[in-house]
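Scroll down for the structure; my scribbles are underneath it.
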Amino acid sequence: MSLLRPVRVRFAPSPTGELHIGGARTALFNYLVARASNGTFILRIDDTDLERSRPEYTDGLLNSLRWLGLDWDEGPYFQSQRLEEYNRAAARLLEEDKAYHCYCTPEELAAGREAARKAGKPYLYPGTCRDLSQEETRAYLAAGRSPVIRLRTPDRGETVVRDLIRGEVRFDNSNLDDFIIVKSNGLPTYNFASVVDDALMQISDVIRGEEHLSNTPRQQLCIEALGYEAPRFAHVPMILAPDRSKLSKRHGATSVEEFRGRGYLPEALLNYIALLGWSPGEKEIVSLSEMVSLFSLERVNKTAAIYDTNKLTWMNGHYLREAPLEQLTEKALPFFEAEGLLHAPVEGNELDYFQKIVDTVRDRVKTLAELAEASTYFYRDDFSYEPKGVEKHFRKEGTDELLRRAADLLRKLEPFELDSIEKAYRSLSEDLGISTGRLIHPTRLAISGKTMGPGLFEIIVLLGRNRTVERLERAARWIG
RNA sequence: GGCCCCUUCGUCUAAUCGGUGAGGACACCAGCCUUUCAAGCUGGCAGCAGGGGUUCAAAUCCCCUAGGGGUCACCA
């Protein structure tokens, strides 16, 4: 890393949609670079596209970032509020004759592109307005045309982009035309605004998605024209959908908010996306702070990654089991509310009960949504019995009687505790000359409606004597 | 189509300057544990896109082919 200037990085999304995992990873890598080098992480909203930008997307972006724990040091800055800066820069280029007004209409340009397409030739802006006379300019103005501003780019030579991940990438200038830097509505284009801002904000490292690599020579040209010092570039590989195409809405869950809504933990999502394009070394389970000390852009690979929810889900299960109980319970609450099991202020005995449930159920689920879903019978009596469980455990002759015996046993058992219940169950089955399983399986089905779940005796203790006995008797009646 | 980038198990990845039985994780399969389901533990399946070079030696360097992706807007 250069010692010449402090590390300042930026994440600059455009507010045209939710934060998806590709953007989240870009944000993460920026964050890691900043934190590792005692630098500054800046958030900038690139909202120069009036049509597509929406304030609510900005809110969503900030929310997602906060939820992930990727806190920024400066910003958010909004490009839409920095127009004077771009105007000033453009005026300077105009003055130095490094840029010029172009009065071609979108229709004329489209016609040119179409002609080139028909001829099978690549289209480049032909430089029609490159050297207009004053009369020509006056005529266009009189005709009411409002111009764009184009950068005068070299016809020969090459533009070299130095990329931390990919090395030197060379582009032949003959393939680059005089592109637009200011639109006819006075707003800068992306390439221009981002160069101006990166320079003004003294960004040392531009870390962004690979889709920007092809744009970089244009930015490089802007940088040179404006006499700026170029930042280091790092184009991180793309994250592709399972069908190898670019991430989009039609690929199921791709946004941070969606994963959040499905009950994924931020630490799991962060850990998972960090592994896309980067490897922390021997252990893959790493916290954000561990990532900070292990990360380096040099170790980011060049290959696009296809994301696979399997591993994320597994990882989420891991974090679910490792999380401190109080925190996990807090995070689970909205999901229990959504299932209609709990209502907001949960405290006292109710909280105690809630925590115990979370603790026993979390071992066998992978998301918070599953956690709540798998906990319903702790709160509701109106569950039905799993059909295949009924076939397997209720059908056998005498099962109703077995359940009544169990109910009788539990009704007067003292003390009513995990060990004593288990002991009682085992000796009852021994007395009856049956396997403990013969007693356990129907009991589980009777009190939870399910054939699988936490240890039976744990469920019984949580439900308590009354509800257990009631449910056993109800099942016995249902069978008989 | 032009330009640019990329190519290790199904997926994510590791393999210091070329010498490895190509390692790990998820998924999958099997076993153990066990009242169920998980978890956990153990084991298994599975990969250097293809072809040429260079070299004593190539996943690693070079070239070609194929494939994938990105970008070519008054979008970012």
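Note on naming: letters A, B, ... go to the chains in the order of the sequence lines (proteins, then strands), and numbering restarts at 1 for each one.
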Item checked: 5′-ward residue of the pair A:Lys121/A:Arg113 relative to RNA chain B -> A:Lys121
Checklist line | RNA chain B: 5'-proximal contact among A:His441 and A:Ile165 (nearest heavy atom) | finding: A:Ile165
For [X], answer base if it contacts any base atom (sugar-phosphate contacts may also be present), sugar-phosphate if it contacts only those atoms, and nothing otherwise; contact means non-hydrogen atoms under 4.0 Å.
X	result
A:Thr48	sugar-phosphate
A:Arg444	base
A:Phe179	nothing
A:Leu456	base
A:Gly437	nothing
A:Arg52	base
A:Ser184	base
A:Val148	base
A:Ser14	sugar-phosphate
A:Gly455	base
A:His235	nothing
A:Arg117	nothing
A:Pro454	base
A:Ser279	sugar-phosphate

Rounded to whole Å, how long is the line connecting atom [atom1] of [X] with atom [atom2] of [N]?
X	N	atom1	atom2	answer
A:Leu240	B:rG67	CG	C1'	14 Å
A:His212	B:rC4	NE2	P	20 Å
A:Gln220	B:rC4	CD	C1'	15 Å
A:Ile181	B:rA73	CD1	C1'	16 Å
A:Glu284	B:rA27	CD	P	11 Å
A:Leu176	B:rC3	CG	P	13 Å
A:Ile459	B:rC37	CD1	P	13 Å
A:Tyr190	B:rA73	OH	C1'	15 Å

Selection from [options] that lies nearest to any side-chain heavy atom of [X]:
X	options	result
A:Arg364	B:rG40, B:rG24, B:rC37	B:rC37
A:Thr303	B:rG70, B:rC6, B:rA76	B:rC6
A:Met238	B:rA76, B:rG69, B:rG40	B:rG69
A:Arg166	B:rC5, B:rG2, B:rG69	B:rC5
A:Asn310	B:rA27, B:rU35, B:rC6	B:rA27
A:Leu213	B:rU71, B:rC4, B:rG69	B:rC4
A:Glu210	B:rC5, B:rA73, B:rU35	B:rC5
A:Met452	B:rU36, B:rC12, B:rA76	B:rU36
A:Trp314	B:rA27, B:rG2, B:rC74	B:rA27
A:Ala305	B:rU71, B:rG24, B:rU13	B:rU13

Does [atom1] in [X] sit with more than 12 non-hydrogen atoms of other residues, nucleotides or ligands closer than 6.0 Å?
X	atom1	result
A:Arg405	CZ	no
A:Arg321	CZ	yes
A:Glu84	CD	yes

Is there a donor in the side chain of [X] and an acceptor in the side chain of [Y], or the other way round, less than 3.5 Å apart?
X	Y	value
A:Gln79	A:Asp47	no
A:Thr159	A:Asn173	yes
A:Thr48	A:Tyr86	no

Between [X] and [Y], does the ring centroid distance fall short of 6.0 Å?
X	Y	value
A:Trp278	A:Phe295	yes
A:Phe457	A:Tyr425	yes
A:Phe394	A:His441	no

For [N] and [M], measure between their [atom1] atoms and round to the nearest Å.
N	M	atom1	answer
B:rU8	B:rA14	P	11 Å
B:rG31	B:rC45	C1'	15 Å
B:rA57	B:rA39	C1'	47 Å
B:rU7	B:rU13	P	11 Å
B:rC75	B:rG18	P	48 Å
B:rG1	B:rA59	P	32 Å
B:rU42	B:rU54	P	47 Å

Compare side-chain N and O positions of [X] against OP1 and OP2 of [N] and report whether any pair is under 4.0 Å apart.
X	N	answer
A:Lys311	B:rU13	no
A:Asn301	B:rU13	yes
A:Lys392	B:rU36	no
A:Lys302	B:rG68	no

Check: Is there a donor N/O on one and an acceptor N/O on the other, under 3.5 Å, for the side chain of A:Asn215 and the base of B:rA76?
Finding: yes
